[in-house]
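One structure is given below, encoded as structure tokens.
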Amino acid sequence: QVQLVESGGGLVQAGGSLRLSCAASGFTLRNYVMGWFRQAPGKEREFVATINWNGGSTWYADSVKGRFTISRDNALNTVYLQMNSLKPEDTAVYYCNTAIRKGTDWLPQKLDAWGQGTQVTVSS
């Protein structure tokens, strides 16, 4: 059974940092591109960052480029998102999932395996 468990969120002031973790089980992590997605109140879920199977390639939404860094440890079945210089507009619930490219966008792949997400709140 596929499970994705996100953690590491919290309340932080603008300019601060957080490191999110996603523990995956029930599938072979190294076989998948992994991604982080987020959903703010009243908005649709959006792509944040993705990373290829060995970490050699990463992609970021323009809104987080230069501030966020995605990484992975296949041996630990874990994906990370280091978030620096946080802004109030980064406030959202953050989720991880396997990802698939569609044109210039990235979409979540395991739509029946969403975790509970982790809340990130950035105060101004």
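Remember, predicted model here, so these are calculated numbers, not experimental data. Hydrogens, waters and symmetry mates play no part in the numbers below; they use all other heavy atoms, side chains included.
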Within-4.5 Å side-chain heavy-atom neighbours: [X] and [Y]:
{"X": "W36", "Y": "I51", "value": "no"}
{"X": "M34", "Y": "L29", "value": "yes"}
{"X": "N84", "Y": "S17", "value": "yes"}
{"X": "L4", "Y": "Y95", "value": "no"}
{"X": "L81", "Y": "M83", "value": "yes"}

Between [atom1] on residue [X] and [atom2] on residue [Y], distance to nearest 0.5 Å:
{"X": "Q116", "Y": "S7", "atom1": "CD", "atom2": "OG", "result": "8.0 Å"}
{"X": "L20", "Y": "T78", "atom1": "CG", "atom2": "OG1", "result": "12.5 Å"}
{"X": "F47", "Y": "L107", "atom1": "CZ", "atom2": "CG", "result": "10.0 Å"}
{"X": "S85", "Y": "R67", "atom1": "OG", "atom2": "CZ", "result": "7.0 Å"}
{"X": "N54", "Y": "N74", "atom1": "CG", "atom2": "CG", "result": "8.0 Å"}
{"X": "Q109", "Y": "T98", "atom1": "CD", "atom2": "OG1", "result": "4.0 Å"}

> Which pair of heavy atoms, one from A14 and one from S124, lies closest together, and at what distance?
Replying inline: CB-CA, 4.4 Å

> Considering all heavy atoms of both residues, which atom of T118 and which atom of G9 are nearest to each other, and what is their separation?
Replying inline: OG1-N, 2.9 Å

Got a donor-acceptor contact below 3.5 angstrom from the [X] side chain to the [Y] backbone?
{"X": "Q39", "Y": "Y94", "answer": "no"}
{"X": "R45", "Y": "R38", "answer": "no"}
{"X": "Q3", "Y": "A24", "answer": "no"}
{"X": "S57", "Y": "N52", "answer": "no"}
{"X": "N77", "Y": "S25", "answer": "no"}

> Is it the case that one hydrophobic cluster holds both V2 and L111, taking links as side-chain heavy atoms less than 4.5 Å apart, direct or via other members?
Replying inline: no

> Taking the six-membered ring for Trp, are F27 and Y32 parallel (under 30°), tilted (30 to 60°) or perpendicular (over 60°)?
Replying inline: perpendicular

> When you measure from the centre of the six-membered ring of Y80, is the NZ or CZ of R19 under 6.0 Å away and within 45° of the axis?
Replying inline: yes

>> Heavy-atom count check: over 12 atoms from other residues, nucleotides or ligands less than 6.0 Å from K102 NZ?
In response: no

> So does W114 have more than 12 non-hydrogen atoms from other groups sitting under 6.0 Å from CH2?
Replying inline: yes

>> I'd like to know whether L86 forms a side-chain contact (heavy atoms from CB on, under 4.5 Å) with F68, so could you lay out the CA-CA distance, the side-chain angles of the two residues, the decisive distance to 0.1 Å, and finally the verdict.
In response: CA-CA 9 Å; L86 282 161; F68 290 11; 3.8 Å; yes

>> So if I apply the side chain to side chain contact (heavy atoms under 4.5 Å, CB included) rule between Y60 and each of T50, I70, V48, which one comes out positive?
In response: I70

> Is D90 salt-bridged to K87, going by a charged N under 4.0 Å from an acidic O?
Replying inline: no

> How far apart are the C-alpha atoms of E89 and T91, what are their side-chain angles, what is the distance that settles it, and do they pass the side-chain hydrogen bond (donor to acceptor under 3.5 Å, both in side chains) test?
Replying inline: CA-CA 5 Å; E89 51 263 44; T91 294; over 6 Å; no

